[in-house]
Amino acid sequence: MEVTMVISQTVNAVFVPSLRTKRQSPKASLRKQQKVTSSEFCVLLQSCIEHRSLKKGRELHTLIREAGLERNRDLFPKLLKLYCTCGRVDYARELFDRIPERNLDTITWTAMISGYVGSGASNHALTLFVEMFGLGLEPDSYSFSALLKASADLSLHRLSTCLHSLIVKFGYGSGLSVGNALIHAYSSFGDVCSAQKLFSRMPDRDIVSWSSMIQACTLAKFFAESRTLFSKMQFEEHVKPNEITLVSLLPSCSFFSSLGKGQSVHAYAIRHGFDSNLIVCSALIAMYSRCGDPEAAFKVFNRLKKINIIVWTSMMEGFSINGRFQLVLELFKLMQDQGLKPNSITLIVILSACSHGGLIDEGMRIFEGMQEKFGIVPSTEHHACVVDMLGRGGRLKDAQFFIEKMKIPPTGCVLGSLLGACQVHRNVSLGERLANQLFRLEPYNESNYVILSNIYASVGRWDDVGRVRRLMALKGLTKPIGCSWIELKDKVHVFGAHDRSHPESQRIYGKLEDLSQMIVKAGYVPSTKYIFLDVEEDDKKRLLCSHSERLAIAFGLLKAPPNVPIRIAKNLRVCGDCHDAIKLISKVVARRFIVRDTSRFHHFSQGSCSCGDYW
DNA sequence: CTAGGGTTAG
């Protein structure tokens, strides 16, 4: 409110005197008006743009038109930008179309193009660019920056490379902003190599270049490289990280599932006053949660005074992946009590929490009330959550019925959820039908093949297992190799299944043997149904004992300082038998284990797990 | 008229 008042005062202060001068000597005032007022208008417009004030902006526009300055070279592009940033690209386009093409210059075309990109209508931006190029107008560095963003938004890798060569041709190859836009575009395609090549050749680099390069590494899962860049920028090139740098870096810190790295970034945020920035905080909350420390995440959450929907969603997601499902629902209620409405992503998080927590009735109630209560039309993702919820709870028939009654066509993710449930509940015939449907729908999604092959294996149909595996090979798909890792003293130790490559392998297997004896005494019976290989029972039992997660656990027990929880991460789902075994190990050695799966955490303590064996 | 940012089912 204050802002609009300031603007209107300024408008009056600037405009009223010029109105008065209008009635005096016309010639003198005209000159005066154009010289002084157009730049003053420019400042005012800028202020409307910054505060996204459409109302004041329209008033200003009227004043500008009356002053005969609408088509001023500086003001016209600014007017376009005003409408675009206020969410009215249509007004901007109308204004743009009122001027004959031949009278438009590159700057104006580019303003309109950027406006489309900024409003998420990148396709229109490209169409306009083609028109502009066809008229023989040369794009400038601003045009290229906007176009690169458009090509990134539309996932057009080829277009980005074409633009890159055009950029070089037009002589903008060493420009800072264009370079930054190129890094961003390449990183959005996961093409870190091109981004890195460009970055290393840039004559000038600023905070945006560094942050974008860090972001590129993080997105491509080059986590160690992100961190290296972070220290390099500070200690070798003396560039000061800002909040955006931290947000680009933070996801890298949770990968190894050890807290140290993320904590140091948090400390940096506190030292530099970034710890009340909501975006930094939601990244911190996600980082702590993904390191298996929801309490630390909650501390960050709790000291915020004003919380937006994304921060709430991050916190609820954090509790959810750490198995605190009741807490998720309590927070969800609290959030609504405070007058905040969930968005579509919040509801996915909530439904997924209900699914993983086995809170089926509650979940169904929330799903059914989505539209009426929150005004959100359920998308395929929400439907997939419900299918997962019913399927996980063993209600396969209900899940099938639910899919049949869907008002929108079921996508791969909806059917995939049900296929996953078929694996858990060993339903071969339904699994087969779904898998065949899915192979047509998404032929290159390897997880569907893996699940079907696991379903066959679980009932001993080894010929069919082989058939699915050959089908995968034919399509060039592979099953990811399982491994687990543990970080100790800044070093990551990775283990594969039955791995003997670690220098301390002998001690690890010795420890495993001890542990096996202890848990057998405590009542452990190996469950060979989790071995999806065609081998003898005894071999299966032996294979179970040296799964990668157990090797990492044994190593952790040998090496980690006493009394701290042992944190393990795995790139696949924890095997069900290992899950049983780790529960018992946590009891017999009186130790907490925090194991991260592909999708969630298992907090093992005193013989039980936070997931309640339902996952 | 330019560049980079947080939450998303299996």
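Naming: A, B, ... by sequence-line order, numbering from 1 per chain.
Within residues 200-208 of chain A, the residues that have a heavy atom under 4.0 Å from DNA chain B are, in order of number, Asp206(A), Ile207(A), Val208(A). Heavy-atom distances under 4.0 Å link DNA chain B to Gly412(A), Cys413(A) of residues 406-415 of chain A, given in residue order.
At the heavy-atom level, Arg392(A) lies under 4.0 Å from the strands shown only through sugar-phosphate atoms. Base engagement by Thr110(A) is indicated by at least one non-hydrogen atom pair under 4.0 Å involving a base atom. Using a 4.0 Å heavy-atom cutoff across all strands shown, Ile214(A) reaches no nucleic acid atom at all. Among the heavy atoms of the strands, none lies under 4.0 Å from Ser248(A).
Between Lys479(A) and Glu446(A) there is no salt bridge, since no side-chain nitrogen of the basic residue lies less than 4.0 Å from a carboxylate oxygen of the acidic one. Taking a cutoff of 4.0 Å between a charged side-chain nitrogen and a carboxylate oxygen, Arg365(A) and Glu362(A) qualify as a salt bridge. A salt bridge does not link Asp74(A) to Lys78(A): none of the charged nitrogens lies less than 4.0 Å from a carboxylate oxygen.
Put simply, the side chain of Ser177(A) and the base of dT2(B) share a donor and an acceptor less than 3.5 Å apart. The base of dG6(B) does not come close enough to the side chain of Asn277(A) for any donor and acceptor atom to sit less than 3.5 Å apart. A donor N or O paired with an acceptor N or O is found under 3.5 Å between the base of dG6(B) and the side-chain atoms of Ser282(A).
Applying the salt bridge (Lys or Arg N to Asp or Glu O under 4.0 Å) test to residues at least two apart or on different chains, the pairs with a partner in residues 299-321 of chain A are Asp275(A)-Arg303(A).
When the nucleotides dG5(B), dC1(B), dT8(B) are ranked by their closest atom to the side chain of Ser114(A), dC1(B) comes out on top.
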_Candidate pair Glu138(A) and Phe133(A), rule side chain to side chain contact (heavy atoms under 4.5 Å, CB included), full reasoning_ = CA-CA 7 Å; Glu138(A) 259 192 32; Phe133(A) 209 60; over 6 Å; no
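Within the 4.0 Å cut-off from OP1 or OP2 of dC1(B), at least one side-chain nitrogen or oxygen of Gln46(A) is found.
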